[in-house]
*Asks:* 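Okay, here's the structure, questions in a sec.
Every chain is numbered from 1 and lettered A, B, ... according to where its sequence line falls, protein lines coming before strand lines. All values reported here derive from a predicted model rather than from experimental measurement.
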Amino acid sequence: MSPSAPPAAAPVSVTVSTQQAGTTAGEVLRAAGVKDSAVARIGGQLRDLAHVVHEGDVVEAVPYASEDGRAVLRHSAAHVLAQAVQDLFPGTQLGIGPPVKDGFYYDFLPERPFTPEDVAAIEKRMEQIVRQRQRFSRRVVSEEDARDELADEPFKLELVGLKGSSSDDDGSSAALAGGEETVEVGGGELTIYDNLVGEELVWKDLCRGPHLPTTRDIPAFRLMRTAAAYWRGDQRNAQLQRVYGTAWESRDALKAHLTMLEEAEKRDHRRLGTELDLFSFPDEIGSGLAVFHPKGGVVRMAMEEYSRRRHVEEGYEFVNTPHITKGTLFETSGHLDWYAEGMYPPMQLDAVGDKPGADYYLKPMNCPMHNLVFAARGRSYRELPLRLFEFGTVYRYEKSGVIHGLTRARGFTQDDAHIYCTRAQMADELASLLTFVLGLLRDYGLEDFYLELSTRDPDKSVGSDEAWEEATAALQSVADASGLELVPDPGGAAFYGPKISVQARDAIGRTWQMSTIQVDFNLPERFGLEYAAADGTRQRPVMLHRALFGSIERFFAVLLEHYAGAFPAWLAPVQVVGIPVHSDYDGHLLAVADRLRRRGVRVEVDTSDDRMQKKIRSAQRAKVPFMLIAGEDDVLKDAVSFRYRDGTQENGVPVDEAVEKLVAAVESRA
RNA sequence: GCCGGAUUAGCUCAGUGGUAGAGCAACCGCCUUGUAAGCGGUAGGUCGUCGGUUCAAGCCCGACAUCCGGCUCCA
């Protein structure tokens with residue numbers, strides 16, 4: 001996402017001499033010829049350049065263009081934002097203003113929400129503050145003084161209070177949301193930063209720092225958008241107005257970031273879905289419910305066909321289950337206890353007179369249905385692992401504000417499988433499952449993965465400690481064996497068991513959660529699932545849940561954005577377009593197309609009365625992988641000329657050769 | 001669900017209280033010879049829906065729907 005960092009030279013590091021003792025970190029670094037240090041690192045702590053050093057201190061430069069340097073300059077930019085807002089809207093109360101990925105934000109409680117015009121004015125005021133070269137001056141304060149100075153800032157006072165009431169850092173972190181709080185009150189002492197013009201105090205804010213020396217040192221920033229945010233991330237708290245900005249070490253870096261955002265916008269699957277005529281979300285159907293048009297439908301078909309083939313090869317068996325069921329099934333599974341509010345409300349059917357009927361629900365998950373397939377007859381250990389697979393469409397009543405194109409929908413199709421195995425088989429099964437998952441994702445063109453291990457949330461889970469530990473250990477060892485980076489996600493598990501999720505990075509470095517693999521001891525229990533073991537006893541199977549794509553719609557969206565609409569030939573809705581140089585050559589291309597179609601290639605010939613150049617433009621915009629152009633030269637030689645999607649060409653290719661070449665390109669899934 | 005913004009032709013968007021516009025796409029006609037837009041014409045909109053203010057509403061107000069950006073959520 002971010003522009004590549006400059007060549008990684010080791011940061012300059014200086015040991016403070018006797019003569020330098022009592023000067024500042026900034027002076028020490030300047031003396032060593034360092035000009036691009038945002039702050040200094042001393043004893044592992046980031047400090048202002050104005051920090052007074054002692055003999056023997058090791059002062060390390062922190063370049064603007066480093067992770068820490070950017071965080072500091074963004075934090076300073078957040079301060080300038082807050083100052084600008086309070087200049088323009090006196091009485092606006094301050095929340096928090098931390099640096100975040102690619103930028104910063106500051107939360108405010110203004111008298112009225114900010115308008116776009118307000119934001120433009122705020123940005124202008126920020127530029128003035130930057131030009132004023134205000135000095136950020138650090139001052140340690142007692143809790144009492146802080147309360148006094150911050151009497152008009154109730155949110156800041158709350159932070160002071162939280163700090164005061166907690167005995168250690170862990171306590172204060174737990175009391176606040178997300179680790180952002182330390183920007184205000186972390187560390188050992190309370191500090192206030194004064195903004196000085198000359199010696200005149202023009203603004204101040206409770207802040208741990210560190211900061212750039214002056215506002216003028218903020219190299220490049222821009223305000224991005226406003227949004228609402230709950231105070232300390234809690235829905236029960238006041239709703240604040242958040243202003244987001246981005247800030248960088250140089251104008252070029254800012255420009256590169258904005259260009260990247262434009263690129264991401266061009267790739268947005270909702271935009272491409274319309275442009276390429278792949279799918280839509282008709283209002284008449286309802287929010288979050290997609291229809292796939294023919295071009296989207298054929299891509300989806302290609303995705304599904306390949307997945308089916310691979311599942312057959314891996315020993316999966318295919319089942320089909322209904323979309324709707326009596327509520328008793330979800331009582332058995334526990335969904336109605338745990339997730340009723342995520343489900344569409346029930347419809348009441350079969351009432352007779354005053355006798356109530358049954359509640360029927362749309363299914364939010366496929367697993368209960370698959371359990372019924374397992375339980376349909378007696379099972380033997382000889383059948384295990386039993387792998388049941390289904391493209392199962394599920395419906396979840398997502399809250400209105402969270403719906404987002406195909407990636408967060410209310411109806412979607414999971415490539416869902418449930419594997420029933422013995423405890424002894426579990427480890428091997430998980431290992432081969434992960435290999436299968438990663439291999440399949442690679443086949444679709446994703447290459448760069450890491451894993452996330454979601455473990456138990458004690459408040460939102462069922463089952464014994466021992467079972468959780470066993471399952472977690474099994475997943476952990478599989479994850480370790482994969483050699484992939486593993487990120488812990490404590491408390492992120494589903495209520496019935498821990499999970500590994502595969503995260504994939506796309507072509508422009510964004511990460512998407514793809515496959516999940518979950519271990520479940522709980523549902524087999526609830527459903528009373530059993531198999532006959534070799535010794536004749538009845539045993540309970542372990543159940544593994546897994547979806548490779550997550551949902552087909554979502555995976556479709558991820559691939560669409562990953563490829564920016566330019567699908568590889570095997571997935572492209574139209575793989576080949578024939579373009580005659582003149583309508584006299586339509587027949588030649590129609591014959592070639594006919595041969596290709598018989599070989600399973602999706603091919604069209606553009607026989608419209610547009611001119612050739614226009615046809616090329618149309619095919620190019622439709623992101624068709626191969627154009628076959630034919631004019632007099634080609635027809636005389638029984639040949640065609642290729643134009644590839646990147647604009648390169650290969651002229652006069654004999655038709656026989658061209659057909660084989662195209663068939664090979666499609667079949668190789670290149 | 002919450003806060004803010006948006007909704008005008010299939011798409012992208014102009015239109016600040018006085019008889020609805022453009023480009024592209026579609027359709028028709030003429031044209032067509034080598035790698036990203038040939039020319040001309042035709043058709044297409046109860047301006048998201050419902051209600052209100054006004055002599056008059058695409059424009060002002062309200063409710064609802066949908067979308068967008070966040071927050072919260074995400075089995």
*Asks:* Is atom OH of A/Tyr344 surrounded by more than 12 heavy atoms (other residues, nucleotides or ligands) closer than 6.0 Å?
*Replies:*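 Enclosed.
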
*Asks:* If you find the nucleotide of RNA chain B closest to A/Ala228 and the one closest to A/Met365, which residue's nucleotide is nearer the 5' end?
*Replies:* A/Ala228

*Asks:* Answer yes or no for A/Lys661 and A/Phe642: cation-pi contact, defined as NZ/CZ to six-membered ring centre under 6.0 Å and angle to ring axis within 45°.
*Replies:* yes

*Asks:* Among B/rC71, B/rC11, B/rA37, which nucleotide has an atom closest to any side-chain atom of A/Arg617?
*Replies:*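 The listed nucleotide nearest to A/Arg617's side chain is B/rA37.
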
*Asks:* Looking only at the side chain of A/His335 (C-beta and beyond, no hydrogens), which of the listed nucleotides B/rA75, B/rU35, B/rC2 gets closest?
*Replies:* B/rA75

*Asks:* With a 3.5 Å cut-off and heavy atoms only, can you find an N or O donor on one side and an acceptor on the other between the side chain of A/Tyr230 and the base of B/rG1?
*Replies:*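 Side chain to base: pair present.
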
*Asks:* Quiz question: by atom type and distance under 3.5 Å, do the side chains of A/His269 and A/Thr407 form a donor-acceptor pair?
*Replies:*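 Not at all, the side chains of A/His269 and A/Thr407 share no donor-acceptor pair under 3.5 Å.
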
*Asks:* Could you work out the separation of B/rG10 and B/rG45 based on their C1' atoms and round it to a whole Å?
*Replies:* 12 Å

*Asks:* OP1, OP2 of B/rG70 versus side-chain N and O of A/His404: anything below 4.0 Å?
*Replies:* no

*Asks:* Taking CG from A/Asp610 and C1' from B/rC30, how many angstroms apart are they, rounded to a whole number?
*Replies:*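 Atom-to-atom, A/Asp610 to B/rC30, this comes out as 14 Å.
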
*Asks:* With a 3.5 Å limit on both atom pairs, tell me what B/rC13 is paired to, counting Watson-Crick and G-U wobble, or say none.
*Replies:*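 Looking at the geometry, B/rC13 pairs with B/rG21.
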
*Asks:* Within this structure, what is the CD-to-P distance between A/Gln414 and B/rC74, rounded to whole angstrom?
*Replies:*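 Value for this atom pair: 16 Å.
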
*Asks:* Under a 3.5 Å limit for both distances, which nucleotide forms a Watson-Crick or G-U wobble pair with B/rG69, could you say?
*Replies:* B/rC3

*Asks:* Counting only Watson-Crick or G-U wobble pairs whose two distances fall under 3.5 Å, which nucleotide matches B/rU42?
*Replies:* B/rA26

*Asks:* Rounding to a whole Å, what distance do you find between A/Lys399:NZ and B/rC71:C1'?
*Replies:* 10 Å

*Asks:* What about A/Asp283, does its side chain sit under 3.5 Å from the base of B/rG48 through a donor-acceptor pair?
*Replies:* no

*Asks:* Counting any heavy atom closer than 4.0 Å, what does A/Glu275 reach on the DNA or RNA strands: base, sugar-phosphate only, or nothing?
*Replies:*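 No contact at all - A/Glu275 keeps every heavy atom at 4.0 Å or more from the nucleic acid.
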
*Asks:* Need one value for A/Asp234: base, sugar-phosphate or nothing, where a base atom within 4.0 Å counts as base even if backbone is also close, heavy atoms only.
*Replies:* nothing

*Asks:* OP1 or OP2 of B/rG1 less than 4.0 angstrom from a side-chain nitrogen or oxygen of A/Ser400, does that happen here?
*Replies:* yes

*Asks:* Any strand counts, and the cut-off is 3.5 Å on both contacts for Watson-Crick or G-U wobble. Which nucleotide pairs with B/rU32?
*Replies:* none

*Asks:* Below 3.5 Å, does any donor atom in the side chain of A/Ser641 face an acceptor in the base of B/rG34, or the other way round?
*Replies:* yes

*Asks:* How are the rings of A/Phe549 and A/Phe555 set relative to one another: parallel (under 30°), tilted (30 to 60°) or perpendicular (over 60°)?
*Replies:* parallel

*Asks:* Would you indicate what A/Gln613 reaches in the nucleic acid, counting non-hydrogen atoms under 4.0 angstrom: base, sugar-phosphate, or nothing?
*Replies:*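 It contacts sugar-phosphate atoms only.
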
*Asks:* Which distance, rounded to the nearest 0.5 Å, do you find between the CE of A/Met627 and the CG of A/Asp606?
*Replies:*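 The CE atom of A/Met627 sits 10.5 Å away from the CG atom of A/Asp606.
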
*Asks:* As a test of reading the structure: which of B/rU33, B/rC71, B/rG34 is closest to the side chain of A/Met612, going by heavy atoms?
*Replies:* B/rG34

*Asks:* From CZ of A/Phe281 over to P of B/rC11, roughly how many Å is that when rounded to an integer?
*Replies:*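 Interatomic distance, CZ of A/Phe281 to P of B/rC11: 15 Å.
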
*Asks:* For B/rA9 versus B/rA22, give the span between their P atoms, rounded off to a whole number of Å.
*Replies:* 14 Å

*Asks:* The side chain of A/Gln239 is closest to which nucleotide in this list: B/rU35, B/rC3, B/rC67?
*Replies:* B/rC3

*Asks:* Using the side-chain heavy atoms of A/Pro113, tell me which of these nucleotides is nearest: B/rG69, B/rG4, B/rA75.
*Replies:*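 Given the options B/rG69, B/rG4, B/rA75, the side chain of A/Pro113 is closest to B/rG4.
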
*Asks:* Determine the Euclidean distance between corresponding C1' atoms of B/rG1 and B/rU42; express it in Å to zero decimal places.
*Replies:* 49 Å

*Asks:* Please confirm whether the shortest side-chain N or O distance from A/Arg236 to OP1 or OP2 of B/rG1 is below 4.0 Å.
*Replies:*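 Checking A/Arg236 against B/rG1: no side-chain N or O falls below 4.0 Å of OP1 or OP2.
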
*Asks:* To the nearest Å, how far apart are A/Glu452 CD and B/rC74 P?
*Replies:* 14 Å

*Asks:* Checking all strands, does A/Gly334 fall into the base, sugar-phosphate, or nothing category for heavy-atom contacts under 4.0 angstrom?
*Replies:*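 No contact.
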
*Asks:* Without decimals, in angstroms, what is the distance between A/Asp606 CG and B/rU32 P?
*Replies:* 17 Å

*Asks:* Mind checking who B/rU54 pairs with, Watson-Crick or G-U wobble, both distances under 3.5 Å?
*Replies:*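 Partner of B/rU54: none.
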
*Asks:* Can you check whether A/Arg396 has a side-chain N or O nearer than 4.0 Å to OP1 or OP2 of B/rA75?
*Replies:*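 Indeed not, no polar side-chain atom of A/Arg396 lies that close.
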
*Asks:* Would you indicate which nucleotide in B/rG38, B/rU33, B/rU72 comes nearest to any side-chain atom of A/Lys614?
*Replies:* B/rG38

*Asks:* Could you tell me how far apart A/Lys615 (NZ) and B/rC31 (P) are, to the nearest whole angstrom?
*Replies:*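 It works out to 15 Å between those atoms.
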
*Asks:* For the C1' atoms, the ones on B/rG18 and on B/rG58, what distance do you get once it is rounded to whole angstrom?
*Replies:*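 Roughly 13 Å separates the two C1' atoms.
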
*Asks:* Ring-plane angle category for A/Phe108 and A/Tyr106, please: parallel below 30°, perpendicular beyond 60°, tilted otherwise.
*Replies:*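 If you compare the ring of A/Phe108 with that of A/Tyr106, the planes turn out parallel.
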
*Asks:* So, taking the atom named NZ in A/Lys623 and the one named CG in A/Leu272, what distance separates them when rounded to the nearest 0.5 Å?
*Replies:*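 Those atoms lie 6.5 Å apart.
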
*Asks:* Looking at the side chain of A/Ala229, which of B/rC67, B/rU32, B/rC71 is the nearest nucleotide?
*Replies:* B/rC71

*Asks:* Could you tell me how the ring of A/Phe556 sits relative to the ring of A/Phe567: parallel (under 30°), tilted (30 to 60°) or perpendicular (over 60°)?
*Replies:*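 Ring orientation of A/Phe556 relative to A/Phe567: perpendicular.
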
*Asks:* Using the P atom as the reference point in each nucleotide, state the distance between B/rA14 and B/rA6 in Å, no decimals.
*Replies:*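 Comparing P positions in B/rA14 and B/rA6 gives a spacing of 12 Å.
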
*Asks:* Using the closest heavy atom to pick a nucleotide of RNA chain B for each, name whichever of A/Ala227 or A/Asp584 lands nearer the 5' end.
*Replies:* A/Asp584

*Asks:* Would you say the side chain of A/Arg408 and the base of B/rC73 hold a donor-acceptor pair, judged only by whether the two atoms sit under 3.5 Å apart?
*Replies:* yes

*Asks:* Between B/rG17 and B/rC13, how far is it from one P atom to the other, in whole Å?
*Replies:* 23 Å

*Asks:* Taking the C1' atom in each of B/rC50 and B/rA65, what is the distance between them to the nearest angstrom?
*Replies:* 10 Å

*Asks:* Whole Å only: how far is the CG atom of A/Asn366 from the P atom of B/rA75?
*Replies:*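 Distance, rounded to whole Å: 16 Å.
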
*Asks:* How would you label the contact of A/Ser287 with the nucleic acid (heavy atoms, under 4.0 Å): base, sugar-phosphate, or nothing?
*Replies:*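 Sugar-phosphate contact only - A/Ser287 comes under 4.0 Å of backbone atoms but never of a base.
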
*Asks:* Quick one: which of B/rU35, B/rC2, B/rA75 gets closest to the side chain of A/Pro364?
*Replies:*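 When the side chain of A/Pro364 is considered, B/rA75 is the closest of B/rU35, B/rC2, B/rA75.
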
*Asks:* In whole Å, what separates the C1' atom of B/rA43 from that of B/rC24?
*Replies:* 16 Å

*Asks:* Counting distance alone, no hydrogens or angles: does the base of B/rC31 have a donor or acceptor under 3.5 Å from a partner atom on the side chain of A/Arg611?
*Replies:*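 By the distance-only test, yes, there is a pair.
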
*Asks:* Measure the spacing between CE of A/Met126 and CZ of A/Phe221 and express it to the nearest 0.5 Å.
*Replies:*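 One gets 4.0 Å once the value is rounded to the nearest 0.5 Å.
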
*Asks:* What is the nucleic acid contact for A/Glu398, judged by heavy atoms within less than 4.0 Å: base, sugar-phosphate only, or nothing?
*Replies:*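 The answer is nothing, as A/Glu398 stays clear of every strand by at least 4.0 Å.
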
*Asks:* Quick check for you: among B/rU33, B/rA36, B/rA75, whose closest atom lies nearest to any side-chain atom of A/Tyr496?
*Replies:* B/rA75

*Asks:* Below 4.0 angstrom, N of the basic side chain to O of the carboxylate: do A/Asp234 and A/Arg232 qualify?
*Replies:* no

*Asks:* Consider the side chain of A/Asn651, meaning its heavy atoms from C-beta on, and name the nucleotide among B/rA75, B/rG70, B/rU35 that approaches it most closely.
*Replies:* B/rU35

*Asks:* Checking base pairs now: Watson-Crick or wobble, both atom distances under 3.5 Å. What partners B/rC64?
*Replies:* B/rG48

